[in-house]
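Chain letters run A, B, ... following the sequence lines, proteins first, then strands; residues in each count from 1.
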Amino acid sequence: MSAGPGEPGPTGTAPSPTWCVLGRSDGGRTALVMLDAEGAPLRSEYAAPEGLAALVGRVERESSPRWVLSDAAAWCPRLLSAGVTLQRCHDLRLVHRILRHSELVRDPAPLRAATAWDTPLDPHEPVRDTGATLFDLDAAPSRSGAVPSDLEETLAEFARQRTAIDGAQDPARLRLLVAAESAGALIAAELQAAGIPWDVAEHDRILSAALGPRPSPGTPPRRMVETGAEVREALGDPLVPLDSAPKLLRALHRAGIDVASTSQWELKEHQHPAIAPLLQYKKMSRLLTANGWTWLDEWVHEGRYRPLYVPGGVVTGRWASSGGGALQIPRQLRPALRADPGWLLVSADVSQLEPRVLAAMSGDRAMIAAGAGRDLYSGIVEAGVVSTRQEAKIGVLGALYGGTTGDSGRVVPRLRQTFPDAMRLVDDAAATGERSGTVTTWLGRSSPAPDEEWIRAQRAAHQVDAPAGARERARRAARDRGRFTRNFVVQGTAAEWALSWMAALRLRLAGFPAVPEPEAAAPSGPVFSRRAHLAFFLHDEVIVHAPAEQAEAAAAAIRDSADAAGRLLFPGSPIDFPLDLTISERSAQT
DNA sequence: TACCGTTGCGCG
DNA sequence: AAAGCGCGCAACGGTA
């Protein structure tokens, strides 16, 4: 494929482009290069910075091509702030990172040589906080550590990626992965633009109830002071600094509490009057430092919490986030997630996503049957494998994570008998990892190769004269890696399912009719104040913020999308993905 | 003053 | 020291 941006398009009725490549051109302009399905150029258009969003919006309305973007995270904010959303894209930065490692790609050498595209996203890069205003006059993305965005390089990389995908072992799967990953890039940009509707007053109520009223800056809240005093009283030491683990540990020892660390899990095992208030104090301290009033001031503005989502930020393909710990919002604060007046939150999470994904991947009939139409763990109990749901859960998690001791170590062998196909899949993945091999998800994302230090240690341990210590360390490192690859195939495939779910949902919601503009314009801006939209995503859970009259339809869209994702990844499989779904003003009851 | 490793804990 | 995967973040305490 070679595209000359200046080539004239055919006269008469222009054929509809399949792709539209955005790239920085000369004179500060941006080029839009339309390509047909084979990647041959049809025609080009150019936009000055101030006209870019309008032109992209027009092309999107006229022919909704798949947009080829060097980096959606860099291009989307300016488009979104101008009210332009894209239906579909191909994110070169994210796709490059998948393809250069994927075992399905037969010849990754050209991609690996294009090192400029291997720039990881720095999650602390601030451009998306300020970009829309600072760079308004700039036609192209601009941020440090960015991948190339000029037209020539963009077209060249797109050609490399198409060649890699077309020649891959299973192009159809890889195309699903590329589409899902790219949809994720659009969704992440839109989630940040929309923000999570956040009730500051409710958050403050929760904090005050737990900690006492908001103190003046620099002083601890009243209930923490009181509880801290109880701890020091019980320890008989009025000066223990409770926030310093080493000093607290020594004070615990002096009081005769024999613990190896100050972690709550260990403290719980001991009987001493200081334990209960100390555990309470730790809870309060965590809430204050992680999500206290300072967090509220820093992260919530105009009723919206806007974290930065980082698609592909985790090796397995899960998203990471940056900014206020979006993926770690404590359940305690969920009631602060609150719909705008006249709107509702539709929250849905998938029950036992990872074991279901494993059942589908391995085609394990018994495991699929155990989860059919019900709670998977209860199904395992009813199959007679274990006697309680808790045991079933611990056993399944042990299977997914590689547990060998305790309860999970006892239950896993029984699961191996009952669900041989599922267990073989994860056991094989672990064995491959221990042998330094690479494993691959259902759609084609491969685990990273072990690092040099790991390989060196394994090689050294296999020498005849290897010291016992080195041998044991190498064994442990091998088992560690085995647990990683064991989990990689499941966690990674679950991430692919979740992306497919959201991608389907996003397109359905985009088709909802616009509702009348509210009297006071919503703070999330025109794009997201007119119809139901995604507001939150957390691995196996979505929250849609919807006008009240669209809530039921949004709930149906969420369910339909989950079914669609299951059929897309596992066509013909009887596996189902049941949801827990609620519609309410708040995302959780107080 | 800036940076770094460790500890501890929140989420799935 | 959470039995076993993946993360982000704040605080401490030491070092440059």
Side-chain angles (χ1 to χ4, degrees), chain A residues 123-124 220 241-249 258-270 278-279 281-292 294-295 298-299 307-334 349-355 357-358 391 393-412 415 426 429-430 433 439 441 445 447-448 476 479-495 497-498 536-542 580 588:
Chain A
H124 299 101
L242 300 177
D243 299 313
S244 165
K247 290 171 183 162
L248 174 59
L249 186 61
D258 181 28
V259 286
S261 81
T262 65
S263 72
Q264 51 181 316
W265 306 102
E266 196 172 3
L267 290 171
K268 274 186 189 137
E269 303 303 314
H270 289 79
L278 178 55
L279 290 174
Y281 180 89
K282 281 171 155 286
K283 285 262 179 259
M284 289 191 269
S285 169
R286 166 77 194 185
L287 180 61
L288 178 69
T289 57
N291 299 99
T294 311
W295 182 92
E298 187 177 357
W299 292 108
L308 178 64
Y309 294 91
V310 186
V314 178
V315 275
T316 58
R318 272 190 176 182
W319 286 12
S321 77
S322 155
L327 307 185
Q328 307 139 251
I329 298 297
R331 303 209 70 89
Q332 192 182 5
L333 285 181
R334 281 303 187 87
D349 68 276
V350 194
S351 312
Q352 306 100 30
L353 174 59
E354 290 193 356
V357 158
L358 172 59
E391 264 187 302
K393 183 172 178 176
I394 286 173
V396 168
L397 293 182
L400 298 180
Y401 297 159
T404 54
T405 60
D407 292 340
S408 93
R410 270 198 310 282
V411 177
V412 170
L415 294 179
V426 283
V439 295
T441 61
R445 189 188 306 261
S447 64
R476 208 171 55 220
R479 282 196 300 270
D480 288 349
R481 186 157 195 283
R483 286 193 303 277
F484 166 64
T485 52
R486 168 191 293 273
N487 186 245
F488 182 95
V489 291
V490 180
Q491 186 181 119
T493 303
W497 185 93
F536 186 59
F537 169 59
L538 182 53
H539 306 316
D540 63 355
E541 173 185 4
V542 296
D580 266 339

So if I take every side-chain heavy atom of [X] and compare against [options], which nucleotide ends up nearest?
{"X": "A:A320", "options": "C:dA3, C:dG4, C:dG8", "answer": "C:dG8"}
{"X": "A:T316", "options": "C:dA3, B:dC11, C:dG6", "answer": "C:dG6"}
{"X": "A:R286", "options": "B:dC9, C:dA1, C:dG6", "answer": "B:dC9"}
{"X": "A:E266", "options": "C:dG4, B:dG12, C:dA1", "answer": "C:dA1"}
{"X": "A:R318", "options": "C:dA2, C:dG6, B:dC11", "answer": "C:dG6"}
{"X": "A:S244", "options": "C:dG6, C:dC9, C:dC12", "answer": "C:dC12"}
{"X": "A:L538", "options": "B:dG12, C:dC9, C:dA2", "answer": "B:dG12"}
{"X": "A:T289", "options": "C:dA10, C:dA3, C:dG4", "answer": "C:dA10"}

Classify the nucleic acid contact of [X] as base, sugar-phosphate or nothing, counting any heavy atom under 4.0 Å across all strands shown.
{"X": "A:V490", "value": "nothing"}
{"X": "A:I329", "value": "sugar-phosphate"}
{"X": "A:G406", "value": "nothing"}
{"X": "A:G313", "value": "nothing"}
{"X": "A:R486", "value": "nothing"}
{"X": "A:G409", "value": "nothing"}

Phosphate contact ([N] OP1 or OP2) by [X] side-chain N/O below 4.0 Å:
{"X": "A:K282", "N": "B:dC9", "value": "yes"}
{"X": "A:K283", "N": "B:dG10", "value": "yes"}
{"X": "A:Q264", "N": "B:dG10", "value": "yes"}
{"X": "A:R334", "N": "B:dC11", "value": "no"}
{"X": "A:R483", "N": "C:dC5", "value": "yes"}
{"X": "A:T262", "N": "B:dG8", "value": "yes"}

Rounded to whole angstrom, note down the C1' distance from C:dG4 over to B:dC3. 33 Å
Measuring only the C1' atom in each nucleotide, how far is B:dC4 from C:dA3? A whole number of Å is fine.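 Result for the C1' pair: 30 Å, nearest Å.
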Apply salt bridge (Lys or Arg N to Asp or Glu O under 4.0 Å) to the pair A:E541 and A:R331, showing each step before the final yes or no. CA-CA 13 Å; A:E541 173 185 4; A:R331 303 209 70 89; 5.1 Å; no
Within-4.5 Å side-chain heavy-atom neighbours: A:L248 and A:P241: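 No - every pair of side-chain heavy atoms lies 4.5 Å or more apart.
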Check whether any side-chain heavy atom of A:P448 lies under 4.5 Å from a side-chain heavy atom of A:V315, and answer yes or no.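 A:P448 vs A:V315: side chains touch.
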Taking 4.0 angstrom as the limit, do A:R318 and A:E354 come out as a salt bridge?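 A:E354 and A:R318: salt-bridged.
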Between B:dG10 atom P and A:N291 atom CG, what is the distance in whole Å? 11 Å
How long is the line joining NZ of A:K393 and C1' of C:dA2, in whole Å? 14 Å
Given the rule in the salt bridge (Lys or Arg N to Asp or Glu O under 4.0 Å) test, do A:E266 and A:K282 qualify, once you have shown the distances and angles that lead to the verdict? CA-CA 13 Å; A:E266 196 172 3; A:K282 281 171 155 286; over 6 Å; no
Measure the spacing between CH2 of A:W295 and OG1 of A:T289 and express it to the nearest 0.5 Å.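 So the CH2 of A:W295 and the OG1 of A:T289 are separated by 13.0 Å.
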